[in-house]
There are 2 protein chains.
Amino acid sequence: MTNLTDTQKEILEFIDQSIQDRGFPPTLREICEKFKFSSTNGARYHIYRLQKLGHLDVEPKTSRGVKRVAKGRKKTPSRFNYRLPILGRVPAGPLNLASPDVREDEIGVDPQFFGSQEAEPELFGLRVNGDSMINAGIFDGDVVVVRSQLTAGDGEIVVARVEEEATVKRFRRMRNAIVLEAANPAYEPIRISDLGGIENGQNVGIMGVVVGLIRAI
Amino acid sequence: MTNLTDTQKEILEFIDQSIQDRGFPPTLREICEKFKFSSTNGARYHIYRLQKLGHLDVEPKTSRGVKRVAKGRKKTPSRFNYRLPILGRVPAGPLNLASPDVREDEIGVDPQFFGSQEAEPELFGLRVNGDSMINAGIFDGDVVVVRSQLTAGDGEIVVARVEEEATVKRFRRMRNAIVLEAANPAYEPIRISDLGGIENGQNVGIMGVVVGLIRAI
DNA sequence: TACAATACTGCACAAGTGTTCACATGTACG
DNA sequence: CGTACATGTGAACACTTGTGCAGTATTGTA
């Protein structure tokens, strides 16, 4: 991919630098000065080249008329800028993504890494409380990355609301019921007649599917 | 705050638009054309004003020499932009951070979340191969976040080089030796006489300390 | 009424800037 | 050996662009 000569790469860098520092791209003569070219055509040659290679947009007859172009699979800046809101441990109490005051923190993540292709993925973080999912590699204090959705497939790890408490469990679709089971034999599975239904007086719903995990050691 | 006239606000907008669309600010005459001024001094007057008001930086005698100055606008902190290079599984073969060709991918992370305060932290990612750290919650395929350093404290999880292979182990400082132990009873601990020393013909060194973990499910 | 400030018009000029054409110098390659 | 190609030099040219200076119209305001 980096089939560019050293000079070409340096010129792109210089253009970026100029845009960053001064707010606009350099002129041909500024490039000449920087690279000790004695003729504007030295710079002009490289600009022409870089345009042909698709790294620059050039507006003819226009001063400073070069523009860096995001090339092919070049990383979208927003890809790295997504801020994942981390909700707190939420031991009891309602888990409400919309209310920003329950946000404990936020961290920058790469949504594509967790399978999200959308520009504005519906991801949020949730700090896990307890060791009920220890056999699934989810430890106390870990942050699980959750994609908001109301349904889940068999075997997926979900964030479920049981009464007014949020828990992380593995979602099992049985013959006549749905079971939320912990990945820890010390915990009893929760049996539900249907998704969102009530059995034994339980009020249950799925809040999202766990698509990733982030841990600071 | 917005003690600007309508025209002034529109001119700032036009400058932003130009930067966004074309990659560089407009000339005075382009502003004139846009705002139906018949004299360049019409634009010039407003640019001068906006400079005095602190909304623009102006580079004299320079074409398109205006720069929007961040006036209390939210700027994305660089902390969300750090790109963590992910090295491959590196089953055997040398693990060299410097050579970019072993990079499998990179993801955006928040170094502060993993305890790094520096602007350019020496973090890298390493995809874990095998289940030797399963009891520490590190599963096959997980990416561990590693801070490059040559020493480690007792009990820390480290990336160690044994011969030419990189492994993730827990670092134990014993009375007369150092032990690299797996978090899985199925694996035998590796005993080393001293850090970087050789025992049983082993060539061992510490490459970094695991400060975090990222998993895509 | 007089005066200042705002928001321009009009025009010429010098410096800034991209463009064109001709030519030089390596380096790789058949 | 010669040819193609990449990477420049050098100089002149014409358009672009910011600048300086003078003037006009409108709107407060004292």
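All values below come from the heavy atoms of this structure, side chains included, with hydrogens, waters and symmetry mates left out. The sequence lines fix the lettering, A, B, ..., with proteins before strands; numbering per chain opens at 1.
Following rounding to the nearest Å, His46(A) (NE2) and dG8(D) (C1') show an atom-to-atom distance of 8 Å. Between the OH atom of Tyr48(A) and the P atom of dC5(D) there is a distance of 13 Å, given to the nearest Å. Computed from coordinates, the Tyr45(B) OH to dG23(D) C1' distance equals 16 Å when rounded to whole Å.
Using a 30° and 60° split on the angle between ring planes, Phe14(B) and Phe35(B) fall in the perpendicular class, above 60°.
Lys169(B) places no side-chain N or O within 3.5 Å of a backbone atom of Pro189(B) that could act as its donor or acceptor partner. Formation of a donor-acceptor pair under 3.5 Å by the Arg44(B) side chain with backbone atoms of Leu28(B) is not found in this model. No donor-acceptor pair closer than 3.5 Å links the side chain of Arg191(B) to the backbone N or O of Val179(B). Listed for the Arg170(A) side chain is no donor-acceptor partner under 3.5 Å among the backbone atoms of Ala136(A).
A nucleotide of DNA chain C counts as in contact with chain B when one of its atoms lies under 4.0 Å from a heavy atom; the first and last such, 5' to 3', are dT6(C) to dT17(C).
Few gaps surround NZ on Lys67(B); more than 12 heavy atoms of other groups in view lie less than 6.0 Å from it. The number of heavy-atom neighbours closer than 6.0 Å to CD of Glu33(B), taken from other residues, nucleotides and ligands shown, is 12 or below.
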I'd like a table of atom pairs between the protein and nucleotides 16-18 of chain D - only N or O on both sides, under 3.5 Å - with the distance next to each one.
{"residue": "dT17(D)", "atom": "OP1", "partner": "Ser63(A)", "partner atom": "OG", "Å": "3.4"}
{"residue": "dT17(D)", "atom": "OP1", "partner": "Arg64(B)", "partner atom": "NH2", "Å": "2.9"}
{"residue": "dG18(D)", "atom": "OP1", "partner": "Arg64(B)", "partner atom": "N", "Å": "3.1"}
{"residue": "dG18(D)", "atom": "OP2", "partner": "Leu28(B)", "partner atom": "N", "Å": "2.8"}
{"residue": "dG18(D)", "atom": "O3'", "partner": "Lys61(B)", "partner atom": "N", "Å": "3.4"}
{"residue": "dG18(D)", "atom": "N7", "partner": "Arg29(B)", "partner atom": "NH1", "Å": "2.8"}
{"residue": "dG18(D)", "atom": "O6", "partner": "Arg29(B)", "partner atom": "NH2", "Å": "2.8"}

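Salt bridge present: Glu30(A) and Arg22(A) bring a charged side-chain N and a carboxylate O closer than 4.0 Å.
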